[in-house]
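Within every chain, numbering begins at 1; the chains are lettered A, B, ... in the order of the sequence lines, protein sequences first and strands thereafter.
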Number of protein chains: 2
Amino acid sequence: MCGSFRRTSRALTQLYEQALRPLGLRATQFTILQVLALAGEVSQGQLGGMLAMDSTTLTRTLEIMGRHGWITERRGRDRRERRLRLAKAGEVQLNRALPAWEKVQSRLRRQVGEQAWNSLLHLTNQVTDLITN
Amino acid sequence: MCGSFRRTSRALTQLYEQALRPLGLRATQFTILQVLALAGEVSQGQLGGMLAMDSTTLTRTLEIMGRHGWITERRGRDRRERRLRLAKAGEVQLNRALPAWEKVQSRLRRQVGEQAWNSLLHLTNQVTDLITN
DNA sequence: CCACAATCAATGTATATACATCTATTGCGA
DNA sequence: TCGCAATAGATGTATATACATTGATTGTGG
């Protein structure tokens with residue numbers, strides 16, 4: 001199962017990133033932009049929880065995204081935390097990327113079929129929940 | 001979909017690798033050992049095709065595995081190709097890892113349920129096939 | 001209030017991963 | 001057979017990813 005997921009994950013990532021390459025945006029980065037747009041301000045640890053990603057992994061990715069000016073950070077009341085928000089440039093970049101992303105996705109959805117597509121979304125999230133809770 | 005798969009992939013990888021850590025074996029490496037045990041001798045490109053992994057990515061991973069003596073390589077008739085086989089030490093390592101791997105997997109399969117488990121295997125492979133063919 | 005455990009993120013290190021480019025070979029058409 | 005396109009990997013570079021360890025801060029029991 002792990003092997004199957006990793007293989008499909010690689011294939012999907014290559015497919016989607018092909019569409020984002022002209023924008024200089026990677027799949028992980030796109031996902032983070034999207035999450036921040038929906039969630040507003042979150043701490044690095046919370047973001048890691050949402051993505052099932054080690055919080056220290058985010059240190060490196062967020063450093064890159066900050067370099068591009070896509071996110072802003074500030075210290076919260078608990079000064080150990082980094083609280084992250086989408087910057088204006090990040091919003092712009094997300095809006096530029098969305099059409100390309102959606103285009104790849106809708107084409108794939110059609111090929112896979114509505115039924116299978118919905119099952120997959122449901123089942124993958126179910127597995128993630130099982131593992132992380 | 002890409003985000004869901006990548007998230008689940010991370011969660012699964014952490015779960016399975018936890019079990020392999022005492023053996024110093026990573027998920028990708030385990031998978032390669034398994035594939036070589038089943039497929040016998042294959043070229044680097046063929047292996048990449050089976051795993052939906054860029055052939056040049058394998059250059060680095062195979063270098064590590066060769067360092068451990070888990071695989072052997074030789075040039076084929078076409079001298080551009082690297083033909084790979086499981087070495088004795090790789091077979092030993094695979095057999096040591098299998099119980100731990102299976103233990104994690106059977107526990108997860110029970111939690112997920114037979115129905116969902118089988119659907120997932122089928123659907124993930126279907127998506128991979130769609131993208132890579 | 002204070003010592004100490006717990007928590008958050010930063011850093012060091014190793015592997016995974018892909019693409020662009022390069023080198024060596026092969027195959028093929030004239 | 002010769003020249004050139006195609007192919008298989010190797011290499012340079014950038015990002016993704018996790019874990020172990022560390023530093024800073026917070027919470028808590030005495």
Side-chain angles (χ1 to χ4, degrees), chain A residues 2-3 5-32 42-49 51-68 70 73-84 132, chain B residues 2-3 5-32 42-49 51-68 70 73-84 132:
Chain A
C2 186
F5 259 89
R6 289 172 64 81
R7 180 171 56 222
T8 306
S9 190
R10 283 189 294 269
L12 280 170
T13 300
Q14 287 170 57
L15 182 71
Y16 280 74
E17 287 198 340
Q18 207 177 311
L20 297 185
R21 197 157 311 133
L23 296 170
L25 193 61
R26 304 292 296 267
T28 297
Q29 299 169 0
F30 176 84
T31 304
I32 291 173
V42 293
S43 74
Q44 183 166 321
Q46 288 173 320
L47 185 57
L51 301 176
M53 184 181 294
D54 190 289
S55 147
T56 71
T57 295
L58 283 169
T59 303
R60 322 299 164 99
T61 297
L62 294 173
E63 200 276 330
I64 294 168
M65 296 180 73
R67 223 189 286 152
H68 287 284
W70 298 335
E73 64 175 89
R74 61 191 182 88
R75 296 285 158 174
R77 207 169 310 149
D78 182 339
R79 271 173 307 172
R80 290 168 304 180
E81 281 186 351
R82 282 174 73 187
R83 303 196 61 80
L84 309 160
T132 57
Chain B
C2 186
F5 259 90
R6 288 173 63 83
R7 179 171 57 223
T8 306
S9 189
R10 283 190 294 269
L12 280 170
T13 300
Q14 286 169 58
L15 183 69
Y16 280 75
E17 286 198 341
Q18 209 176 311
L20 297 185
R21 197 157 309 134
L23 295 169
L25 194 60
R26 305 292 295 267
T28 297
Q29 299 168 1
F30 176 85
T31 304
I32 291 173
V42 292
S43 74
Q44 182 168 321
Q46 288 174 320
L47 185 56
L51 302 176
M53 184 181 295
D54 190 290
S55 147
T56 72
T57 295
L58 283 169
T59 302
R60 323 298 165 102
T61 298
L62 294 173
E63 200 278 328
I64 294 168
M65 297 180 72
R67 224 190 284 151
H68 288 284
W70 297 336
E73 64 175 88
R74 61 190 181 90
R75 296 285 158 173
R77 208 170 310 150
D78 182 339
R79 272 172 306 172
R80 291 169 303 182
E81 280 185 351
R82 284 173 71 187
R83 302 198 62 80
L84 310 160
T132 58

Considering every strand and a 4.0 Å limit on heavy-atom distances, what is the contact class for A:R60: base, sugar-phosphate, or nothing? base

Tell me what B:R10 touches on the nucleic acid: a base, only sugar-phosphate, or nothing, going by heavy atoms under 4.0 Å. sugar-phosphate

Could you tell me whether B:R83 contacts a base, only the sugar-phosphate backbone, or nothing, with contacts defined as non-hydrogen atoms closer than 4.0 Å? nothing

How long is the line joining CD of A:Q29 and C1' of C:dA18, in whole Å? 14 Å

Hey, are A:E63 and A:R67 close enough for a salt bridge, meaning a charged N less than 4.0 Å from a carboxylate O? yes

Among C:dT26, C:dC19, D:dA10, find the nucleotide with the atom closest to the side chain of B:D54. C:dC19

Across the strands shown, which category fits A:I64 at heavy-atom distances under 4.0 angstrom: base, sugar-phosphate, nothing? sugar-phosphate

It should be established whether A:T13 places a side-chain nitrogen or oxygen under 4.0 Å from OP1 or OP2 of nucleotide C:dT17. no

Under-4.0 Å side-chain N/O to phosphate OP1/OP2 contact, B:R79 with C:dT26: yes

Show the nearest heavy-atom pair for residues A:A52 and B:R7, with the distance to one decimal. CB-CG, 3.5 Å

By the 4.0 Å heavy-atom rule, please label A:E17 as base, sugar-phosphate, or nothing. nothing

Within the 4.0 Å heavy-atom criterion, would you say B:T56 contacts the bases, only the backbone, or no part of the nucleic acid? base

What nucleic acid atoms does A:T61 come within less than 4.0 Å of, heavy atoms only: base, sugar-phosphate, or nothing? sugar-phosphate

